[in-house]
Structures are given as C-alpha cells and as structure tokens.
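Input: a single structure, listed below in structure tokens.
Nothing here was measured: the structure is a model prediction, and the numbers come from that model.
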Amino acid sequence: MDWDKLRVFHAVAEAGSFTHAGETLNLSQSAVSRQISALEEALAVPLFHRHARGLILTEQGEQLNRTVREVFAKLAITEALLTESKEKPAGRLKVTTTVGFGASWLAPRLHEFFELYPDVSVSLLLDDLDLDLAMREADVAIRMHPPKQPDLVQRHLMTIDWRIVAAPDYLKKHGVPQRAEDLDAHRLVLFGEYHPPVADINWLAEAGRRPGNPRRATLEVNSVQAVLLAIRSGLGIGVLPDFMMAEIHDLVRVLPELKGPKVEVFFVYPEELRNSKRVAVFRDFLLTRLAERH
C-alpha cells in the first residue's frame, strides 16, 4: 500500500464518489478509479460496493478507512507541530465555532490577532454542528457546551447571557410587554430547530407559560444574524446573545428581569496540541478580548 493510493482511497471514502474525490484531489475521475482498482488488486479485496447512486464502503473498506483516518490525523498533528517555529508562533490554525459567534464576534476581531501574530494564519470553519477534533477536522474549537470527548483539553472562556430585544418601531406599534405573559400578544422571532447552536435557545417561547406549551413563532430562522436583522426590521421580539451587544445598540431591551438559561463557552483542543504556541496565543487572545466585552 503506497501513500498516494491511500490518500486517494481516503478521499473517495469521504466523498462517496470518484467524481467528487477527483475534484478534491484535482484528478480526473478515470485517474481516481484506476488508483482504487490498483489498490483493490494489490490487497485482493473489494473496498467499495459500486452502484448507480455512488459508492459504499465494504466491510474491509470500512476497516481500512478507520485506520487511514487515524494515520492522516496523526500526520496532520505532527506536521503542525514540526512547522511551528521555535522562536515565535507561526503556521496555520484551523478554528471551528458556531456560525453566530464566529460571524458576529470572532471574525471582526481577528485583525487584532493578526497584528499581534502576523506569522499565524487562521482557517475559520463555522458550523453549528461539532466538528471532530480527534480526526483533525479542526485544530481547536470554541463550543457552547462542555466537550463530550474525554481526551480533549478544555478551558472555560465565558458565560453567555441573553437579551430580549425589539425595534423601536415595533414597540411603538404593538406596545411594550410588561411581563412574560404579555408575550402571548406579540410576534416572536425564534431560532429554527435545524441544529440549534445551543440547548434551550428558544426559551422565550415558553417564558410565562406551562412547560410543553410554547408560543408559536411568527418567524423561525436558523441563523442568529438573520434573527438580528428580522428584529431590526420591526418584525417582532426575540432574544440575542450578549456577545452581540455592539450590534444591537439600536434595539430596545424589553423584560430585562426575565432571565434565560446561561450558556457556558469552552475553548477545546486535542492533548497533542497542548504545547503548540499557536494554540496558546490564540487561547490567550480570546480570554483577553472576551474579558473586555462588557
């Protein structure tokens, strides 16, 4: 088994087709197919079931792919550590976090990080689903919950509180709710149920009501930025995380005494990167900037 064929095999296994793997590897479909056939011939076992809708790994293919994923993940960690300068932080850092936090808070502040560490580059992967750090889908993660994997190093970054807000024009037209029960007469903007970035994100729907009997939203949307824009347009009342305070200065806070569930945010990374300077300076940058947010 040579590395080139294993690299092609891994790409095909992840993509599920020769065509998509070829696009990733910048190879033709026929070149990818030849590499896989040669690998199957060398091993004398079939690695894929071929059918009209794509490829499915055989049992032997699954076993090989598990091993190949682990090998490439460890190679990626080794490469990251070897290319890091002994003198100063340098190289690429893959960071993953939720779409809302990454777009609203982190991305606008990265220029400050690059001014401090010009030899570090960042690949920012925004996804409300957790990427697998053990498999090197990212180097570090900023997560809205404690890490579930026991082999990850974690550092508490902050606690998120919620703000109930509305546009001045909306409140002028529909009135200001004085208690949670008054929300029954208002339009609500809530987060769509498709992969919510934090648990209980739609707590406003049940505020002042019996558990299990939530209000219906006028609008559901699976983007914190879209929730902000909808509220700003005068559509209705909604909740936004306090890290977006700089963006909601033109909105009116309502029912300030009504508290939602707190969200604990963690910085997590694999044990193998404990001594990485890039990881250390990025963590410290986050801690410093987050401490200044109020």
Inset, instruction - Check whether any side-chain heavy atom of Val140 lies under 4.5 Å from a side-chain heavy atom of Leu133, and answer yes or no. - result: no
Inset, instruction - Please say whether more than 12 non-hydrogen atoms of neighbouring residues, nucleotides or ligands are located less than 6.0 Å from NE2 in His174. - result: yes
Inset, instruction - Any chance you could measure Ile56, atom CD1, to His51, atom NE2, to the nearest 0.5 Å? - result: 3.5 Å
Legend entry - Lys/Arg-Asp/Glu bridge criterion (N-O < 4.0 Å) met for Glu271, Arg274: yes
Inset, instruction - Ignoring hydrogens and angles, tell me if any N or O in the side chain of Tyr170 forms a donor-acceptor pair with the backbone of Ser233 under 3.5 Å. - result: no
Legend entry - Member of Arg216, Arg179, Arg209 meeting the salt bridge (charged side-chain N to carboxylate O under 4.0 Å, His left out) criterion with Asp184: Arg209
Legend entry - side-chain contact (heavy atoms from CB on, under 4.5 Å) between Leu183 and Ile237, worked out: CA-CA 9 Å; Leu183 292 170; Ile237 296 174; 4.1 Å; yes
Inset, instruction - Could you tell me whether a side-chain N or O of Asp139 sits under 3.5 Å from a main-chain N or O of Val95, the two making a donor and an acceptor? - result: no
Legend entry - Backbone of Ala205 reached by a side-chain donor or acceptor of Asn202 within 3.5 Å: no
Legend entry - Straight-line distance of His10 NE2 to Arg7 CZ, nearest 0.5 Å: 11.0 Å
Legend entry - Phe285 to Arg109 - nearest heavy-atom pair and separation: CZ-O, 3.4 Å
Inset, instruction - Check the side chains of Thr19 and Ser17 for a donor-acceptor pair under 3.5 angstrom, ignoring hydrogens and angles. - result: no
Inset, instruction - Please report the C-alpha distance between Gln178 and Leu255 in whole Å, then the side-chain angles of each, then the deciding distance to 0.1 Å, and finally whether the side-chain contact (heavy atoms from CB on, under 4.5 Å) criterion is met. - result: CA-CA 7 Å; Gln178 301 300 315; Leu255 299 171; 5.7 Å; no
Inset, instruction - Check the angle between the aromatic planes of Phe72 and Trp3 and answer parallel, tilted or perpendicular using the 30° and 60° thresholds. - result: perpendicular
Inset, instruction - Please work out whether the ring planes of Phe48 and Phe9 are parallel, tilted or perpendicular, with thresholds of 30° and 60°. - result: tilted
Legend entry - Shortest non-hydrogen separation from Asp119 to Pro89 and the atoms involved: CB-O, 3.7 Å
Legend entry - Salt bridge flag under 4.0 Å for residues Arg69 and Glu14: yes
Inset, instruction - Using the side chain to side chain donor-acceptor pair (under 3.5 Å) rule, pick out the option among Thr159, Asp200, Asp161 that qualifies with Lys262. - result: Asp161
Legend entry - Distance, nearest 0.5 Å, that separates CZ of Phe191 from CG of Leu240: 11.5 Å
Inset, instruction - Spell out, as yes or no, whether a donor-acceptor pair under 3.5 Å connects the side chain of Ser33 to the backbone of Gln29. - result: no
Inset, instruction - Specify whether Phe113 and Tyr117 have parallel, tilted or perpendicular ring planes, treating 30° as the upper limit for parallel and 60° as the lower limit for perpendicular. - result: tilted
Inset, instruction - Ignoring hydrogens and angles, state whether a donor on the side chain of Glu137 or Thr96 is under 3.5 Å from an acceptor on the partner side chain. - result: no
Inset, instruction - Please test Leu286 against Ile142 for side-chain contact (heavy atoms from CB on, under 4.5 Å), starting from the C-alpha separation and ending with a verdict. - result: CA-CA 10 Å; Leu286 292 174; Ile142 302 165; 3.7 Å; yes
Inset, instruction - Compute the centroid of each ring, for Phe267 and then for His156, and state whether the two points are separated by less than 6.0 Å. - result: no
Legend entry - Within-4.5 Å side-chain heavy-atom neighbours: Met245 and Asp242: yes
Inset, instruction - Please test Leu39 against Leu47 for side-chain contact (heavy atoms from CB on, under 4.5 Å), starting from the C-alpha separation and ending with a verdict. - result: CA-CA 9 Å; Leu39 182 60; Leu47 298 173; 3.7 Å; yes
Legend entry - Side chain Arg289, main chain Glu112, donor-acceptor under 3.5 Å: no
